[in-house]
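For reference, the structure discussed in these notes is given below.
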Protein chains: 2
Amino acid sequence: MVTIKDIAKKAGVSVGTVSNVLNNVETVRKDITEKVQKTIRELGYKPSRIASGLSRKVTKNIGLVIPDVASPFYSDLIKGITNKLTEYNYEVFLCNSNNDAEKEKNIISNLESLWVDGIIIVPVYSKYRNNDFLNNPDTQIVILNRDLEDINKDIILFNNYDGAYKATKLLIENKHNNIICLTGPKISQSASNRFAGWKKAMEEINNFKKAYSFWGKFTVESGYEMMKDAFGKIDSIDAVFAASDFLALGAIKAIKEKSLLIPQDISIIGFGDIYLCKYLDPSLTTINRPFRLIGEKSVEILLQRINGKKSEYKKIIIDGEIVNRSTVFKNTNG
Amino acid sequence: MVTIKDIAKKAGVSVGTVSNVLNNVETVRKDITEKVQKTIRELGYKPSRIASGLSRKVTKNIGLVIPDVASPFYSDLIKGITNKLTEYNYEVFLCNSNNDAEKEKNIISNLESLWVDGIIIVPVYSKYRNNDFLNNPDTQIVILNRDLEDINKDIILFNNYDGAYKATKLLIENKHNNIICLTGPKISQSASNRFAGWKKAMEEINNFKKAYSFWGKFTVESGYEMMKDAFGKIDSIDAVFAASDFLALGAIKAIKEKSLLIPQDISIIGFGDIYLCKYLDPSLTTINRPFRLIGEKSVEILLQRINGKKSEYKKIIIDGEIVNRSTVFKNTNG
DNA sequence: AATATTATATGAACCGTTTCATTTAATGAA
DNA sequence: TTCATTAAATGAAACGGTTCATATAATATT
């Protein structure tokens, strides 16, 4: 292994000078710079980021903690964050918390041992979280997608309420009235906020009925079951707001089994815009979550903090938009 | 920041002893061990993996290099590898080469600077690759999914040939004869090997025709175009072997546009088993690639090398299996 | 030519661990 | 009690960089 000392000796200069060349310090004479660079090339020298990290206490590494790295929800987020960080010459530790709060805690501790310069985390769902371990003032953290309590960090949220409201409004504008809501577990903030957005829009047309809302899990199976349940209880459903694309998928299956046509007999809108939506038949109208944008925003904020920004921690809320495809019946005039 | 020296001083022992406690060295007396551990807890001490890495020259970090981290092809692979490595107390640097050979080279160099203990890489497609940078004998590397030339490393491949052969055989067993093959670009080994598997099966029933094979890109659009092209040129197609699920998706669109029924009028089988296959309507019969298995295998092999295994580098080839769903017409008797 | 000023190079101390030769303490044998 | 043996603790050197006070070389001024 060739070290900075080898370069110094071979080039006939001091290690300090080699270090200066490596870090583009201005004061090195041009001919010396060239000689050192030549020697570096000749010996194939690669500075150790471990040694540099120890000495500088800055590693240029970032931790990224995700509840499920294989989930299509997060793939764009991971890509956005990784690419943006790479642009700024940071490396990223990808950590999978596997939806396990205990594991998440260990991961943070580990990342701190690794002296990462910062952490971006999508925290795990969990009703009774103790979030102290995220509050270490010496660790720069940006929190995504979960509105945790008692947190002294920057938080970036997706506007679930607004998205659900927009989705329901779209159905209403196209002359649907009996719009049911299929959502996730009550414990989930996303599920509750999307429910609330639907509720608001329904109240505006004086047609909010609690019985029109169904709480399940964010899975295809649950969507299927809830839709069948709804058909059994309500017989005038003309549209479905599904609080996740997977729920919509399950609901579509149940709708097809009843030989109803989408969107002629019943409209449906999903939530999330996972990448398969556009490949479905019919392709699914949905609300997109601009995860790439969220990823880039989170990097931007984190790097500002790392570079010493001291302002108040803030909460940023990012809106999604309707992605118009083929599952909402068009009926705007009349 | 609290260091090992602070612990040593507070506990009234030497730093060597604290280090021994941290690393569970047997020779430390029990009462001393406890006193040190208590002090560690009291001061909230966290050993620096940077310092430890410098001293030991072992970082317990692994680099994972993927051409597109958001691609559904790799999501299971990334998860499998990450989880397995975490089990063995390794952290993983996730690096996105963005299908760019130049970037890939930089990533490897970077990972070497980071003193990772090993690298798992899915190399980028590229016709004229120079693979020297992967041959550094001081860097432990396992190569996935691409059969690179002149490489002195372990390689794990998916058996594209066998998968395509099995897929085509399935169609043949169900009484299809005029089976066309939609595949990717000629530059791609996967595309060529899948073509070859199809060809072999077709030769076995004396029905291989070059005109029945179509070379495009591994995209939905390309699948659609090739299928339309095929319909224009051949009028007795009774089945399609699509060398990727995306190609199948495009082909299905073209088939539906001709008002043909799947699988009654025409059968189709995909390749890859990306997670949307089961949600399609009809759900897509395909060949799965056991990426989780491949991921775990690659970790196993890499860790053996890291732990000093010296045997010959080998090539491991892993077979996929048919995933029977709804796009192949069942007609085995008669 | 002597001195002041500026530009550049030096090298030792330091970052937080591990390691191991050496010292010290504890135990056993005579 | 003394010496030999074993068990445990010590602390300085090393890992590969960075940093900065100091030394030296180069240039400018008188």
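Treat the numbers as computed from the prediction; the structure is a model and nothing was measured. Per chain, numbering begins at 1; letters A, B, ... match sequence-line order.
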Item checked: 5'-most by nearest nucleotide on DNA chain D - I32(B) or S52(A) ->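 Taking each residue's closest nucleotide, the earlier one in sequence belongs to I32(B).
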In whole angstroms, how far is the [atom2] atom of [N] from the [atom1] atom of [X]?
{"X": "M1(B)", "N": "dC15(C)", "atom1": "CE", "atom2": "P", "answer": "12 Å"}
{"X": "E26(A)", "N": "dT6(C)", "atom1": "CD", "atom2": "C1'", "answer": "16 Å"}
{"X": "R49(A)", "N": "dT18(D)", "atom1": "CZ", "atom2": "C1'", "answer": "16 Å"}
{"X": "K9(A)", "N": "dT10(C)", "atom1": "NZ", "atom2": "P", "answer": "15 Å"}
{"X": "D31(B)", "N": "dA25(C)", "atom1": "CG", "atom2": "P", "answer": "15 Å"}
{"X": "N24(B)", "N": "dT17(C)", "atom1": "CG", "atom2": "C1'", "answer": "16 Å"}
{"X": "L54(A)", "N": "dG17(D)", "atom1": "CG", "atom2": "P", "answer": "12 Å"}
{"X": "K35(A)", "N": "dT8(C)", "atom1": "NZ", "atom2": "C1'", "answer": "13 Å"}

Enumerate all atom pairs, one protein N or O and one N or O from nucleotides 19-23 of chain C, separated by less than 3.5 Å.
none

### Query
Would you say a side-chain N or O of K57(A) is under 4.0 Å from OP1 or OP2 of dG16(C)?
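Yes.
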Problem - side-chain N/O T17(A) vs dA9(C) OP1/OP2, d < 4.0 Å - result: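 No, no such contact exists.
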Quick check for you: to the nearest 0.5 Å, what is the distance between E296(A) atom CD and L77(A) atom CG?
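If we round to the nearest 0.5 Å, E296(A):CD and L77(A):CG are 10.5 Å apart.
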_Nearest 0.5 angstrom please: Q140(B) CD to I301(B) CD1, how far?_
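Reported to 0.5 Å precision, the distance equals 12.0 Å.
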Answer with yes or no whether the side chains of N98(B) and N83(A) bring together a donor and an acceptor at under 3.5 Å.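 Their side chains do contain a donor-acceptor pair, which is all the 3.5 Å distance test asks for.
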For N135(B) and N152(B), test the side chains for any donor-to-acceptor distance below 3.5 angstrom and give the result as yes or no.
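There is no such pair (donor and acceptor under 3.5 Å, judged by atom type) between the side chains of N135(B) and N152(B).
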Which atom pairs link the protein and nucleotides 22-27 of chain D when you take only N or O atoms and keep those under 3.5 Å?
none

Only pairs at least two apart or in different chains count here, so list each side-chain hydrogen bond (donor to acceptor under 3.5 Å, both in side chains) that has a residue in residues 115-125 of chain B.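 Sorted result for residues 115-125 of chain B: T59(B)-D117(B), Y125(B)-S188(B).
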Residue pairs, two or more places apart or on separate chains, that pass side-chain hydrogen bond (donor to acceptor under 3.5 Å, both in side chains) and touch residues 63-76 of chain B: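 Residue pairs with at least one partner in residues 63-76 of chain B: K79(A)-D68(B), D76(B)-R292(B).
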message = Name the residue from T17(A), I4(A), I7(A) that meets the side-chain contact (heavy atoms from CB on, under 4.5 Å) definition with L22(A).
response =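 For L22(A), the side-chain contact (heavy atoms from CB on, under 4.5 Å) test succeeds with only one of T17(A), I4(A), I7(A), which is I4(A).
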Quick test of your reading of the model: are K84(A) and E87(A) salt-bridged, counting only N-O distances below 4.0 Å?
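Between E87(A) and K84(A) there is a salt bridge, with a charged N closer than 4.0 Å to a carboxylate O.
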**Request:** Might you confirm whether atom OH of Y313(B) has over 12 heavy atoms from other residues, nucleotides or ligands at distances under 6.0 Å?
**Result:**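 More than 12 within 6.0 Å, yes.
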- Please report the closest heavy-atom contact between V69(A) and I78(A), naming both atoms and the distance.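 Scanning both residues completely, I find the closest heavy atoms to be O-CD1, 3.9 Å.
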| message | For a quick test of reading the model, state the closest non-hydrogen atom pair linking I81(B) to G295(B) and the distance between them. | response |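 For I81(B) and G295(B), the tightest heavy-atom pair comes out as CG1-CA, 3.5 Å.
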### Task
Give a yes or no answer on whether the side chain of K10(A) reaches the backbone of I40(A) with a donor-acceptor pair at less than 3.5 Å.
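The answer is no, because no donor-acceptor pair under 3.5 Å joins these two groups.
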Bend across the helix from dA1(C)-dT30(D) to dA30(C)-dT1(D), to 10°, with axes taken over 5 pairs at each end?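 So the angle between the two local helix axes works out to 50°.
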I would like to know whether E300(B) and K297(B) meet salt bridge (Lys or Arg N to Asp or Glu O under 4.0 Å); could you show each step before the answer?
CA-CA 5 Å; E300(B) 189 189 299; K297(B) 192 83 194 162; 3.6 Å; yes
### Query
Hey, does V28(B) reach any base, or is it just sugar-phosphate, or nothing, if we go heavy atoms under 4.0 Å?
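Since only primed, P, OP1 and OP2 atoms lie under 4.0 Å of V28(B), the category is sugar-phosphate.
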- Please work out if I50(B) contacts a base, only the sugar-phosphate, or nothing of the nucleic acid, heavy-atom cut-off 4.0 Å.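 Nothing, no heavy atom under 4.0 Å.
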Could you walk me through whether R146(B) and N131(B) pass the side-chain hydrogen bond (donor to acceptor under 3.5 Å, both in side chains) check?
CA-CA 12 Å; R146(B) 210 128 308 164; N131(B) 297 319; over 6 Å; no
Residues in contact with DNA chain D, drawn from residues 40-48 of chain A - heavy-atom cutoff 4.0 Å |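 Going residue by residue through residues 40-48 of chain A, the ones with a heavy atom under 4.0 Å of DNA chain D turn out to be Y45(A), K46(A), P47(A), S48(A).
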